[in-house]
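To start, the structure itself, in structure tokens.
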Amino acid sequence: MNAETTIPKQIIELIKTEAWEAGSHLPAQMLADRLRVSRQPVNSALALLHDRGIVTRERNRGYFVATSLDEPVANIVARLGLDEPDVVTSVYFRIADDLLTNELPQEFSEQLIRTRYGLTAAQLNAVLGRIAKEGWAERKPGYGWTFSTMLTTPDSLLQSYRLRLALEPAALLEPGYRLDRKILQQCRETELRLLDGGIETATADELHDRGVRFHESLVEASGNPFFIDTIKRANRVRRLLSYRSMTKRDRYPEHCRQHLHILDLLERDRNDEASAFMREHLEHTLRSLAKIEHILQP
């Protein structure tokens, strides 16, 4: 799903999880901070939700919750038509799969991608923009594009996890480490929703983003900008291969339970234990990926 459907859904989830009643103010900056995006996509999402009757707008005051949301989020999203397949996301994954199975050349033109996948000019720009942002293709000087050779082997994913194995446990031990209680609770609620059926219904994008948000939130609480920048770079480049591992989801319930245990330890300021368990968690993930290496192979 792209931002046009993801951010409205995330705002609906916030309204539900925070139990915001009808009339509750929804400041755009507050939502942008909570969702870790800029205000522009939040304002677009609020305008869409206003059109769909989820929020109201008052002149010079902003947006407010229109009515209490009693239905499950999935039902609301389906009713509003926010779960419709997105062309850009669909083509993104097709390109990724074709690249990993050697169906695409290392160097390519925009016309090749547009023709092969039947894209409009706007869709082409969106999908190539997303791929470039995530670091697995870049525009060549002059004409054409090239895919990164670093990201097209199963070992690339394992290497990214070994980097995280060195970094994330250390981040939890940084002096002055502080995980905001609201962020901790948001992370916990996400894991509980996944255990309550979300693992089976989430898209590959949503599963990947859930893991990214969890681990980046914990590293960001270290306050160390070098750790934060490194983990964000690692997460951007591993999406290409990590989505393939999501075809086999029976390992996810255990991952969720491990995430919840780490959060429990951090909530009790037992960072030494949380750091040690984070190492175990990432080592467990590496072992799980090794068992499904055939899925990652071209």
Side-chain angles (χ1 to χ4, degrees), residues 6 10 13 33-37 133-136 151 156-174 176-195 198-199 202-246 249 251-290:
T6 299
Q10 290 176 336
E13 288 176 340
D33 292 342
R34 293 287 295 269
L35 300 178
R36 295 191 296 181
V37 296
K133 181 179 179 182
E134 292 174 3
W136 50 278
L151 307 174
S156 300
L157 181 60
L158 302 180
Q159 288 169 347
S160 76
Y161 271 92
R162 287 194 286 273
L163 169 67
R164 295 173 59 204
L165 187 60
L167 184 151
E168 294 190 39
L172 304 186
L173 300 177
E174 278 292 279
Y177 185 93
R178 181 180 176 276
L179 181 60
D180 184 90
R181 298 296 174 182
K182 285 188 176 181
I183 293 176
L184 188 149
Q185 188 58 29
Q186 290 167 24
C187 290
R188 177 178 285 131
E189 289 166 354
T190 297
E191 301 302 322
L192 291 173
R193 284 197 300 273
L194 286 171
L195 286 172
I199 291 171
T203 65
D205 257 359
E206 290 167 340
L207 270 183
H208 178 82
D209 290 341
R210 153 264 182 190
V212 166
R213 284 196 298 271
F214 176 86
H215 287 277
E216 287 188 359
S217 293
L218 268 55
V219 173
E220 285 172 352
S222 71
N224 186 321
F226 296 97
F227 281 7
I228 296 167
D229 181 67
T230 301
I231 193 65
K232 287 186 174 182
R233 287 174 181 267
N235 282 330
R236 280 199 299 271
V237 301
R238 73 186 175 90
R239 181 190 292 264
L240 174 60
L241 281 164
S242 70
Y243 92 90
R244 269 198 165 196
S245 70
M246 295 170 193
R249 301 189 179 192
R251 61 194 176 90
Y252 275 88
E254 180 59 26
H255 281 196
C256 290
R257 288 188 285 269
Q258 290 176 3
H259 282 185
L260 288 168
H261 183 57
I262 292 170
L263 293 173
D264 289 342
L265 291 172
L266 291 174
E267 188 172 33
R268 290 178 281 167
D269 297 320
R270 293 162 62 176
N271 286 48
D272 286 345
E273 294 175 60
S275 174
F277 193 78
M278 176 65 82
R279 175 171 292 278
E280 290 183 30
H281 168 64
L282 292 171
E283 288 174 342
H284 176 268
T285 302
L286 270 169
R287 290 193 296 271
S288 298
L289 290 173

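Please read these numbers as outputs of a predicted model, since none were measured by experiment. In what follows, every heavy atom counts, from backbone to side chain, and hydrogens, waters and symmetry copies are set aside.
In this structure, the side chains of His255 and Glu191 stay at 4.5 Å or more apart for every pair of heavy atoms. Proximity of Lys232 to Ile228: side-chain heavy atoms (C-beta onward) are separated by under 4.5 Å at one or more points. Counting heavy atoms from C-beta on, the side chains of Gln186 and Arg213 never come closer than 4.5 Å.
Under the ring pair (Phe, Tyr, Trp, His ring centres under 6.0 Å) criterion, Phe227 pairs with no residue at all, not counting sequence neighbours. Considering only residues two or more places apart in sequence or on other chains, Tyr177 meets the ring pair (Phe, Tyr, Trp, His ring centres under 6.0 Å) condition with none of them.
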I would like to know whether Leu218 and Met278 meet side-chain contact (heavy atoms from CB on, under 4.5 Å); could you show each step before the answer? CA-CA 10 Å; Leu218 268 55; Met278 176 65 82; 3.7 Å; yes
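Of the inter-residue distances, the one linking Arg188 atom CZ with Leu263 atom CG reads 6.0 Å to the nearest 0.5 angstrom. Note that CG of Asn224 and CG of Leu173 are 12.0 Å apart. Values are rounded to the nearest 0.5 Å. Note: Leu260 CG to Leu265 CG = 11.0 Å, rounded to the nearest 0.5 Å. Between the CD atom in Gln185 and the OG1 atom in Thr190 there is a gap of 10.0 Å [rounded to 0.5 Å]. We find the NZ-CG distance between Lys182 and Asp33 to be 11.0 Å, quoted to the nearest 0.5 Å.
Taking both residues in full, the closest heavy atoms of Ile199 and Cys256 are given as CD1-SG, 4.1 Å, listed atom of the first, atom of the second, then distance. Of all non-hydrogen atoms in Ala170 and Ser275, the two that sit nearest each other are N-OG, 4.4 Å. Closest non-hydrogen pair, Ala274 versus Leu266, comes out as CB-CD2, 3.6 Å. The minimum heavy-atom distance linking Ile231 with Val219 is given by the pair CG2-CG1, 3.8 Å. Here the closest heavy-atom approach between residue Pro169 and residue Leu282 is recorded as CD-CD1, 4.4 Å.
At distances below 3.5 Å, at least one donor-acceptor pair connects side-chain atoms of Thr230 with backbone N or O atoms of Phe226. Judged by distance alone, with hydrogens and angles left aside, the side-chain atoms of Arg181 form a donor-acceptor pair with the main-chain N or O of Glu267 at under 3.5 Å.
Note on ring orientation: taking the six-membered ring where Trp is involved, the planes of His215 and His281 are parallel (angle under 30°, cut-offs 30° and 60°). Under the 30°/60° scheme for interplanar angles, the aromatic rings of Phe277 and His261 are found to stand perpendicular.
Counted by atom type alone, Glu254 and His284 present zero donor-acceptor pairs between their side chains at under 3.5 Å.
For the pair Arg268 and Glu273, the salt-bridge criterion is not met [side-chain N within less than 4.0 Å of a carboxylate O]. In summary, Arg287 and Glu280 do not engage in a salt bridge, as defined by a charged side-chain N under 4.0 Å from a carboxylate O. Ion pairing of Arg270 with Asp264 is absent here, as no side-chain N (NZ or NE/NH1/NH2) approaches a carboxylate O to less than 4.0 Å.
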